[in-house]
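Accompanying notes for the structure given below.
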Amino acid sequence: MMSIAGIVATAGGIGFLNKGAGTVAAVAFCIAWYFIPIGYTYQVLLMVALLAAGTWSATKMETVWEHDSNRIVIDEVAGMMITLAFLPTGGWYIITGCVLFRFFDIVKPLGIRKAEKLPRGIGVMADDVLAGIYSHLILWLFKNFEILGFRDFAFS
């Protein structure tokens, strides 16, 4: 029987996929984000809840698995939340945000790799928080400065 920490850490079991669990968790969040839009106040509450639950569950589950185990994907969910928060929910924002987030999460430039080395659940979550912040900033620039005509492509 799976513990509550395990269910949270694996995002309801997605983390048990053999390959690409982080990408699947990110895409699953994107699909939910598109079909279940929420207001800004609830976005803040959800973000705080994801960060707190993710840090707690990752800390608990790394005593069972190793630090930043591939099974722990709640960090990808939180990172996608940060990427997409407070932006239009149009498909191009979501798709571009997911691609940007996965790029930063996989390549780990700009201090992301260093953040990952922090202890326990904080390190598990920190690299995805930074990846989400960088991705969000790029989307914000696209939106506000109409880079590449991005505003024209957003169907929100």
Side-chain angles (χ1 to χ4, degrees), residues 2-38 43 46-62 64-118 120-143 148 150 153-156:
M2 178 65 69
S3 68
I4 292 173
I7 293 167
V8 171
T10 63
I14 293 172
F16 289 113
L17 296 174
N18 286 334
K19 295 275 184 181
T23 299
V24 172
V27 169
F29 179 85
C30 289
I31 292 167
W33 191 255
Y34 182 77
F35 287 107
I36 311 169
I38 59 174
Q43 288 181 30
L46 179 59
M47 193 179 318
V48 169
L50 282 171
L51 292 170
T55 303
W56 168 77
S57 65
T59 298
K60 289 277 191 192
M61 294 314 295
E62 74 178 12
V64 178
W65 306 321
E66 73 271 3
H67 179 69
D68 207 4
S69 166
N70 290 339
R71 293 178 183 163
I72 301 171
V73 294
I74 190 66
D75 52 334
E76 275 80 9
V77 173
M80 278 308 313
M81 172 79 207
I82 292 166
T83 298
L84 299 175
F86 317 116
L87 292 169
T89 57
W92 286 108
Y93 282 95
I94 293 171
I95 292 167
T96 305
C98 191
V99 169
L100 285 168
F101 172 74
R102 292 306 294 153
F103 167 78
F104 284 115
D105 190 32
I106 292 167
V107 176
K108 299 192 186 307
L110 306 170
I112 294 174
R113 188 163 311 281
K114 186 179 259 188
E116 182 180 48
K117 295 180 181 180
L118 291 168
R120 299 184 302 280
I122 293 171
V124 173
M125 298 298 287
D127 68 314
D128 294 276
V129 167
L130 277 179
I133 290 169
Y134 294 150
S135 301
H136 180 89
L137 289 174
I138 291 170
L139 287 176
W140 185 87
L141 288 170
F142 281 4
K143 175 185 175 282
L148 303 175
F150 202 76
F153 291 113
F155 47 87
S156 60

Which atom pair, heavy atoms only, marks the closest approach of [X] to [Y]?
{"X": "Ile74", "Y": "Ser57", "answer": "CG2-OG, 3.9 Å"}
{"X": "Met125", "Y": "Ala78", "answer": "CE-CB, 3.6 Å"}
{"X": "Ala26", "Y": "Arg102", "answer": "CB-CD, 4.0 Å"}
{"X": "His136", "Y": "Thr83", "answer": "ND1-O, 3.0 Å"}
{"X": "Asp75", "Y": "Val124", "answer": "OD2-O, 3.3 Å"}
{"X": "Phe101", "Y": "Gly79", "answer": "CE1-CA, 3.5 Å"}

Atom pair [atom1]/[atom2] of [X] and [Y] - distance to nearest 0.5 Å:
{"X": "Trp140", "Y": "Phe86", "atom1": "CH2", "atom2": "CZ", "value": "14.0 Å"}
{"X": "Leu100", "Y": "Leu139", "atom1": "CG", "atom2": "CG", "value": "5.5 Å"}
{"X": "Lys143", "Y": "Leu87", "atom1": "NZ", "atom2": "CG", "value": "7.0 Å"}
{"X": "Ile14", "Y": "Ile7", "atom1": "CD1", "atom2": "CD1", "value": "13.0 Å"}
{"X": "Leu84", "Y": "Met47", "atom1": "CG", "atom2": "CE", "value": "9.5 Å"}

Checklist entry - Would you call the rings of Trp65 and Phe16 parallel, tilted or perpendicular, where under 30° means parallel and over 60° means perpendicular? => result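 The rings of Trp65 and Phe16 stand perpendicular, inter-plane angle above 60°.
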
Next on the checklist: When you compare the side chain of Arg71 with that of Met61, does any pair of heavy atoms fall below 4.5 Å?
Outcome noted: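 Sidechains of Arg71 and Met61: no contact.
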
Checklist entry - Is there side-chain contact between Ile133 and Leu137, with heavy atoms separated by less than 4.5 Å? => result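 A side-chain contact exists here, since the closest heavy-atom pair is under 4.5 Å.
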
Sub-3.5 Å donor-acceptor pair from the side chain of [X] to the main-chain atoms of [Y], do we have one?
{"X": "Tyr134", "Y": "Leu110", "result": "yes"}
{"X": "Thr10", "Y": "Gly15", "result": "no"}
{"X": "Glu76", "Y": "Asp128", "result": "no"}

Count the heavy atoms belonging to other residues, nucleotides or ligands that lie under 6.0 Å from [atom1] of [X], then report whether that count exceeds 12.
{"X": "Ile122", "atom1": "CD1", "answer": "no"}
{"X": "Lys60", "atom1": "NZ", "answer": "no"}
{"X": "Ile106", "atom1": "CD1", "answer": "yes"}

Checklist entry - Where do Leu130 and Phe104 land on the side chain to side chain contact (heavy atoms under 4.5 Å, CB included) test, with the steps shown first? => result CA-CA 8 Å; Leu130 277 179; Phe104 284 115; over 6 Å; no

Checklist entry - Of Leu46, Leu51, Val129, which meets side chain to side chain contact (heavy atoms under 4.5 Å, CB included) against Met81? => result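 So, applying the side chain to side chain contact (heavy atoms under 4.5 Å, CB included) to Met81 and each of Leu46, Leu51, Val129, only Leu46 qualifies.
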
